[in-house]
Structures are given as C-alpha cells and as structure tokens.
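Note that the numbering runs from 1 along the sequence shown for the chain. Quick caveat, the model's predicted, so the values are computed rather than measured. Values reported hereafter were calculated over all heavy atoms of this structure, with side chains retained and with hydrogens, waters and symmetry mates removed.
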Amino acid sequence: MAGLLRASEEGLKIIDMVRRNLEWNKSEDTWCKAALTSKATLRRFWAQNRIRRETFIDICKAVGINNWEDIIERNDIKQTELLLAAAIADIALDNQNDRTFPLPENLPPVRNWVQRTKEIDILKTLITAPPLTKESPAPAPPLTKGGLGGVPIAISIVGLPGIGKTTLISQLIRQFHTEKTPFTCAAWQSLQSATAKAPPCDRTIDSLLFTLSNGDITAAVNPQDDSFQKIEKLIKIIKAKPCLIVFDRAETLLKAGEAKAAGYFAEDCAEYAWLFKQLLETEHQSKIIFTSRESLAELPPTVTREIQLNGLDRDAAISLLQSFNLTANPEELAEMGDRYSGHPKALQLVAALIRDDTEFQGRVWAKASKLVSAEFPSIKPQNIRYLLQGLALKCQKLASTNLKKILFRHSSADNCYITIAISNPISCIR
C-alpha cells in the first residue's frame, strides 16, 4: 500500500485549477508525455484510483506541482506505530561506511555548475565528522559558544538572491549521494510558495515524515496528531538513523519591514520556530542545512554555523560566461564578471541577453560599460529595497533597450539586484 497513492477531493481541485490555467484537458497528450504515462492512467488518477507512487508524483510535477504531498488522499492508510517502527528500523546493518541514500525527489536541478570547490570542501568538513585515527581517537569536540570549533548540527547558508545557495546545496547532496557518508536518507523541504509565504508548518512536517520514512508515514497515520506529536515522531527517526535535512528559502519565515526585528521569525511562524528548536537542541545523529537571504538570528549559535556565500571568483565567472559562447576574450569576460561581483544569476541573465539580442549578437562590447540611462538615478545601498519594489511594478513595461542601458550602469552590487529584479521581480520584493 505504501507504493500506491490516490488523489484526494481537495487535491483534485488543486490539480483541476492548475490544468485549466495551462488550458489542458484531463487527458491531455502533452500531460501524458510530460508525466511519461498513459491516458488510461490519467483517467484512473482523476477517478481517485490508486496508482504507482512514482507515476502519481510525475503527474503532479508535469503541471508544476512539486508539493505533491498536498494532492494525496490522507485517510486511506490505517497503520500507525508499525510504520514509524519500520522507518526507524530502515538502517543498514552491514558496513556503516557503505551507506548511501536516494536523492530527494524534489531536489532542484543543478545547471551551469562552475565548481565551487572551496565552498563544497568547507561544507563537507563541517557536516561530516573527521574519521577516527590512532592520532585522533576521539570524535570532534562539540561547538563552543559562537559556533566555533567542532562539528555543528546545523549549517546556515546566507547570501543575495541568485547567488547560488540552492544550487550549492543541491550539488553537495548529489556528491554525498555518490560518496561514503554516514547518511541513510535525505529530505529537501522548500519553504517557498506562490504566495511568497512559507507553507503551513504542519504540512512541512508531514512531508518530512513521509520522505524520511520512505513513504510509509503519511498524514493519515494518526490524523488527530498535532504538530508537537508529529515533531516527536520526526525526532525519533533522526535519532535512530543519520538523516540530512535541508530547509530552502528560510527567509520566508522571517519578519519583514522591521529593521530591529531582522532575522527573527514572524509571529505566525511560531510552529516553525519550535520545530527548529527541537531539531537543533535535541541530541541526534542527523544534520540540518538552511538557506536564506537573511541571517537566522534565532538559531542557537552554539550548534549552528553560518556561512556567507559570495559571488564566483574570476576564473569561475569566466567559465560560466564562456558556456554562453559569447564573442569575447578572457579579459573582457573577466571585466564583465568583476562588474557583477561574480553574481551567477546576474551573469547568466546578462550573458543570455548579449547572446540572443540582435543588437549585441553575442559580442561583449567594451563600450557597453559606458552606456548611461536616465531611467534610474544613482543608487544607494540603503535604498535597494525601495528600488526593487519600484522595479517589480514597472519591470513588465520596460523595453529590452532600457534593460540594455542599465545593465552596465551602476556599481557591481546594484547591478545584481537590478538585473534579477527585472527578470524575476517577485523574488526580490521581500
């Protein structure tokens, strides 16, 4: 039964709304091809018949619904503690060093990877304890106050929008997947949603339980359980077996518009604050990773290490730009990379513009850096947020020529914000 899923009434309403927006019928050929399934299986899906778990997930993802757990029927599985026990018991009994884990099904793709070797090595050192040797027979010491020394329970990756936080951690998990690590399972939980707010905490916990139990524990297991009882089950699992849990886009949980409250959880995210407190202050053998645009001030510093992710170094920026087949020498590409402080997203957007626009035709003009526009005045760092809000309202009306004029207009840090705001304004409003 754990390998079969069916849609709930509420889930079908969500699917129906999304497919109408796509102008697809209920047995659309494009849908079948995207989900690698048949029209007959789609009809069974709509009839709320149970279908293979993998096919169910593919049907949801084909219409853009990654949180497929929201679609499943939650009242058709009666097993409770037996499933929890089975999840905890799912630990390899042979050589501990031979453990590996399946990749999370919602793991973000890695595109245009540019070998952030230094950052990956630092993360691996912090996340995995050094092996015991004759010279060092004791495990690494616990963290001291301020997160110094030892191996932390949690890592917080902080950086600008588009700097590559999600890509970095996705690549890290892929590397762990192919290496001998202590982890037996991994879960990726995105806290981003279409409303720019985090999903309900209860739904997030359900998703974690489902993933870390290999699909055995669903919300239908003791549906009367509240968040605190579900957290207890989650703690049992991560105590029993080493898990790697990622919370991506944690800034959606933070207060907005209050400078004094920067980095603190919003009042309506108290359940998340409690979840993180339990995960970080309870002794277990798992690791937690956060990505956020802002520092998470309420994470206990004695068990958390914050890493500020900066732009690419010059060589990596040149390598990224070269992947777009631009007509330029290394010096011109290096200047372009420096102007944008090695910001990966900004460089990709600008490189794509230069490659595809009929005026540029793939040529990186030296004079492009001297183009001036009266569209935007001089920008000060403290006014960045207000600039982004303004851009978000008018970006759809900006002609491509206006974009080309401002690309090389401002200081490197401002360029990154402007470029991303124009291409994806919603992500920058916060």
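Side-chain contact of S295 with E306: a donor-acceptor pair under 3.5 Å is present, judged by distance alone. No side-chain N or O of T167 forms a donor-acceptor pair with one of S170 less than 3.5 Å apart. For N112 and Q348, the side-chain atoms include at least one donor-acceptor pair closer than 3.5 Å. Checked by atom type, the side-chain pair S207/E69 shows a donor-acceptor distance below 3.5 Å. Residues S190 and D248 have side chains that never bring a donor and an acceptor to within less than 3.5 angstrom of each other. Using a 3.5 Å distance cut-off with no hydrogens or angles, the side chains of T178 and R174 do not pair a donor with an acceptor.
The pair E179-K124 counts as a salt bridge, with a side-chain nitrogen and a carboxylate oxygen less than 4.0 angstrom apart. Between K197 and D268 no salt bridge is recorded (no basic side-chain N to carboxylate O distance below 4.0 Å). Under a 4.0 Å N-O distance rule, the pair K39/D29 qualifies as a salt bridge.
Contact of the I59 side chain with the I51 side chain is registered, since non-hydrogen atoms from C-beta on lie closer than 4.5 Å. The side-chain heavy atoms of F290 and I155, taken from C-beta on, include no pair separated by under 4.5 Å.
Enclosure of atom NZ in K61 by more than 12 non-hydrogen atoms of other residues, nucleotides or ligands within 6.0 angstrom is indicated.
To the nearest 0.5 angstrom, I217 atom CD1 is 10.5 Å from F210 atom CZ.
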